J.: 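Quick one: the structure is below, and I'll ask about it shortly.
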Amino acid sequence: MQTAELSRLAFDLPKGYIAVPISGEHAGAAIRLNVVCRKEGEPVGGPLVVLREMIDARVYLGCLTDAAGRVQRWLELWIQDTDRIEAAPPAYRAALNHAVLDKRWGDWISGYESLDPRTIVRTGFENKHPAPVFIEAATWAPWHPVHDESNSPWALCTDESMLEKAGLPSYLASLHRYLFVPALGTDGPFAALSRESPPGNVPFEEVTQGRVDLIPFNAGAGLMLARTFDPLALEGFSDVVAGKRWDGVPHGRNLLTLLKPSDDELDLGVSTEAEGLFLGRHGRWGRMVESLHLKLKLLADATLAVRAIVSKTALPMLNVSADSFRVRLSDSAAGVPTYWTSRVDMVNPGSACELPLPRADARYFIAPDWGRGSVYRPKIESTAATGQGLVRIRKVMEHDGDDVVVEATFNTEERFVPAASDLVWLRVSVGPGRADLYGHVDTKQALAGASGGSAPCRSSSSRRSWRR
């Protein structure tokens, strides 16, 4: 695809797709924030265009349209969604709750906005939960659930005292979510949003009134983030620089071409000097030299993007991949090829979670997919290992009213070669409940070999984490 044409965004919706306002409030506005939907059924991708999924969010293709219905900007709409956390390792889930997730969400937005505020479109839902919203497949309009009997809207319950009075888990201290009717208070219905949550007093089907024509967009009233969407992926742009074809944004079996040529007869699989390479006229060797330089520039930009977002969020990136980045192109000026205007943006801020360790001498982080390999991860990193064993408590020391330090010896038949910096998580049965202990292994005092047997472990635990 020619470079000058590659930088030109298409401002028309792809054939067969429609822009649906994200809420009833946006439906009548002159400038509307929309989610892009496919009008006819897509058996693989579904009606919504899912750009990617993160551990606590789902990202859809959206757009900003004017009163004439023209697309003014392509957007990616982040919807806070905690369903995928249920499949994460127990240690990861234990370190998360809505207080942590909501704070991390705000840190992400602040980080992105401080790096480039032009990429963020403020909606007011960045730190305020919107009303639950579905999309009516028949009318392609947003639909907010309303309680039948009271004709009052449903909302996400974040009131701690109200949840406690209703006998339901806390919002801030757990991962459970409930929809309720604010006008009815604790006398009204409560519907759980997750199968893992203790059930409310009504099933979730009462929220949707049993309708099967509704497409869930933000059924859980999660926080939202709207960012500028750049269609080019990192590896896709690298292939284009090398002269390969860019097909578009995948949606099921379809490919959405959000970058268009000005002439339909252009060969989209060919790259020439006119597209934006200084040395294209010198043939293959010129293209190879310049392509290598541009690819090295991509890696350098990606490294700077990681450094910038880590410095803003104070969280390490434990899941970096090529999908973590997008490439933005600008319209080239006279004498400047378009490929040279490329800029790498980070679109996945990472899923690392800090373990809440009392009296720890260092910060420890865990990722939900720690055991999965990647070419972007060093081989020397520690991998998670799990197993069962026996624990013998040697000494218990209480520091203050909350923290307890335990010296113990544990025995396991698992192959276990700990390093001095490795963190060990022990879940110990205590009567009818259990306690979570975190600590280090002192292999110098081990009673057996390091590959198995016994080893002393100095652990710490907070009494608040003991489950009676």
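Please read all numbers here as calculations on a predicted model, not as lab measurements.
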J.: Can you run down the salt bridge (charged side-chain N to carboxylate O under 4.0 Å, His left out) pairs that involve residues 154-167, sequence neighbours left out, and say none if there aren't any?
T.: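 The answer is none; no pair qualifies.
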J.: To the nearest 0.5 Å, tell me how far Thr82 OG1 sits from Leu96 CG.
T.: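 Going from the OG1 atom of Thr82 to the CG atom of Leu96 covers 10.0 Å.
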J.: For Asp230, which of Arg326, Arg343, Arg328 qualifies under salt bridge (Lys or Arg N to Asp or Glu O under 4.0 Å)?
T.: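 Result for salt bridge (Lys or Arg N to Asp or Glu O under 4.0 Å) with Asp230: Arg328.
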J.: Using a 3.5 Å cut-off and no angle test, enumerate the donor-acceptor pairs between side-chain atoms of residues 45-63 and protein atoms at least two apart in sequence or in another chain.
T.:
| unit_1 | atom_1 | unit_2 | atom_2 | d |
| --- | --- | --- | --- | --- |
| Arg52 | NH1 | Glu76 | OE1 | 3.4 |
| Arg52 | NH2 | Glu76 | OE1 | 3.3 |
| Arg52 | NH2 | Glu76 | OE2 | 2.7 |
| Arg52 | NH2 | Val347 | O | 3.1 |
| Glu53 | OE2 | Arg58 | NE | 3.2 |
| Glu53 | OE2 | Arg58 | NH2 | 3.0 |
| Asp56 | OD2 | Arg104 | NH2 | 3.2 |

J.: Are the side chains of Leu234 and Val344 in touch, meaning some heavy atoms are under 4.5 Å apart?
T.: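 Of all side-chain heavy-atom pairs linking Val344 with Leu234, at least one is under 4.5 Å.
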J.: Closest heavy-atom contact between Ala192 and Pro198?
T.: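 That closest heavy-atom pairing would be CB-O, 3.9 Å.
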J.: Sequence neighbours left out, cut at 3.5 Å: what donor-acceptor pairs do the side chains of residues 179-191 make with other protein atoms?
T.:
none

J.: Can you give me the closest heavy-atom contact between Trp74 and Pro14, atom names plus distance?
T.: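 Closest heavy-atom pair between Trp74 and Pro14: CH2-CD, 4.1 Å.
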J.: Asp102 versus His129: any side-chain heavy-atom pair under 4.5 Å?
T.: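 Yes, their side chains come closer than 4.5 Å.
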J.: Would a distance-only check, ignoring hydrogens and angles, find a side-chain to backbone donor-acceptor pair under 3.5 Å from Ser324 to Ser321?
T.: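 Checking the backbone N and O of Ser321 against the side chain of Ser324, a donor-acceptor pair under 3.5 Å is found.
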J.: Kindly indicate whether the side chain of Asn97, heavy atoms from C-beta on, has any atom under 4.5 Å from the side chain of Ser174.
T.: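 They are not in side-chain contact.
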J.: For Arg73, give me all partners under side chain to side chain contact (heavy atoms under 4.5 Å, CB included), at least two apart in sequence or on another chain.
T.: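 Checked Arg73 against side chain to side chain contact (heavy atoms under 4.5 Å, CB included); matches are Leu64, Leu75, Val121, Thr228.
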J.: Taking only residues two or more places apart in sequence or in another chain, which ones pass ring-ring contact (aromatic ring centres under 6.0 Å, His included) with Tyr112?
T.: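 Tyr112 satisfies ring-ring contact (aromatic ring centres under 6.0 Å, His included) with Trp78 once adjacent residues are dropped.
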J.: My understanding is that only residues two or more places apart in sequence, or in another chain, count here; which of them pass side chain to side chain contact (heavy atoms under 4.5 Å, CB included) with Arg93?
T.: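 Expected list: Ile85, Ala88, Pro90.
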J.: Among residues two or more places apart or on two chains, list those pairs meeting ring pair (Phe, Tyr, Trp, His ring centres under 6.0 Å) that have a residue in residues 298-323.
T.: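 Listed once each, the pairs would be none.
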J.: Could you tell me whether the side chain of Leu163 reaches within less than 4.5 Å of the side chain of Ser170, counting heavy atoms only?
T.: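 Result no, sub-4.5 Å side-chain heavy-atom pair not found.
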J.: Which heavy atom of Trp140 sits nearest to which heavy atom of Arg38, and what is that distance?
T.: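 Nearest pair, atom of Trp140 first, then Arg38: CH2-O, 3.4 Å.
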J.: Checking His98 now: which residues fulfil ring-ring contact (aromatic ring centres under 6.0 Å, His included) with it, not counting sequence neighbours?
T.: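 Tyr171.
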J.: Got Phe229 and Val249 here, is their nearest side-chain heavy-atom distance under 4.5 Å?
T.: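 Side-chain contact under 4.5 Å: yes.
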J.: In Å and rounded to the nearest 0.5 Å, what is the CD to NE2 distance from Gln209 to His147?
T.: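 Going from the CD atom of Gln209 to the NE2 atom of His147 covers 9.5 Å.
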J.: Rounded to the nearest 0.5 Å, what separation is found between the CE atom of Met346 and the CZ atom of Arg307?
T.: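 Rounded to the nearest 0.5 Å, the CE-CZ separation comes out at 13.5 Å.
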J.: To the nearest 0.5 angstrom, please state how far the CG atom of Asp81 sits from the CG atom of Leu101.
T.: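 Going from the CG atom of Asp81 to the CG atom of Leu101 covers 11.0 Å.
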J.: Rounded to the nearest 0.5 Å, how far does OG1 of Thr303 lie from CG of Leu298?
T.: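 So the CG of Leu298 and the OG1 of Thr303 are separated by 10.5 Å.
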J.: Please find the pair of heavy atoms, one from Ser197 and one from His176, that lie closest to each other, and give the distance.
T.: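 Closest heavy-atom pair between Ser197 and His176: OG-ND1, 2.8 Å.
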J.: Does any non-hydrogen side-chain atom of Tyr17 lie less than 4.5 Å from one of Asn254?
T.: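 Yes; the side chains approach each other to less than 4.5 Å.
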J.: Looking at residues at least two apart in the chain, or sitting in another chain, which of them share a ring-ring contact (aromatic ring centres under 6.0 Å, His included) with Phe125?
T.: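 Not a single residue meets the ring-ring contact (aromatic ring centres under 6.0 Å, His included) criterion with Phe125.
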J.: Apply side chain to side chain contact (heavy atoms under 4.5 Å, CB included) to Gln72 and list each qualifying residue two or more places apart in sequence or on a separate chain.
T.: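 So Gln72 forms a side chain to side chain contact (heavy atoms under 4.5 Å, CB included) with Asp66, Arg70.
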J.: Could you please spell out the steps behind the side-chain contact (heavy atoms from CB on, under 4.5 Å) verdict for Leu225 and Trp108?
T.: CA-CA 10 Å; Leu225 169 63; Trp108 287 350; 5.7 Å; no
J.: Does the side chain of Thr65 come within less than 4.5 Å of Val71's, by heavy atoms?
T.: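 Sidechains of Thr65 and Val71: in contact.
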J.: Can you list the residues that meet the side chain to side chain contact (heavy atoms under 4.5 Å, CB included) rule with Ala95, with sequence neighbours excluded?
T.: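 Side chain to side chain contact (heavy atoms under 4.5 Å, CB included) list for Ala95, sorted by chain: Cys353, Leu355, Pro356.
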J.: OH/Tyr178 to CG/Leu193 distance, rounded to the nearest 0.5 angstrom?
T.: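 Here the interatomic distance stands at 9.0 Å.
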J.: Please lay out, stage by stage, how Asn218 and Ile22 fare under the test side-chain contact (heavy atoms from CB on, under 4.5 Å).
T.: CA-CA 9 Å; Asn218 190 4; Ile22 64 169; over 6 Å; no
J.: Work out which heavy atom in Ser342 is nearest to a heavy atom in Val327; give both atom names and the distance.
T.: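 Looks like CB-CG1, 3.9 Å.
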J.: Please list all pairs passing the salt bridge (charged side-chain N to carboxylate O under 4.0 Å, His left out) test where one or both residues lie in residues 126-151, with sequence neighbours left out.
T.: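 Pairs touching residues 126-151 that pass the test: Arg122-Glu126, Glu136-Arg211.
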J.: With a 4.5 Å cut-off on side-chain heavy atoms, are Asp301 and Phe325 touching?
T.: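 No, their side chains stay 4.5 Å or more apart.
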J.: What are the two closest heavy atoms between Ala219 and Pro216, and how far apart are they?
T.: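 Answer, listing the atom of Ala219 first, then Pro216: CB-CB, 4.2 Å.
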J.: Does His144 use its side chain to pair, donor to acceptor, with the backbone of Pro153 at less than 3.5 Å?
T.: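 Looks like no, no N/O pair under 3.5 Å.
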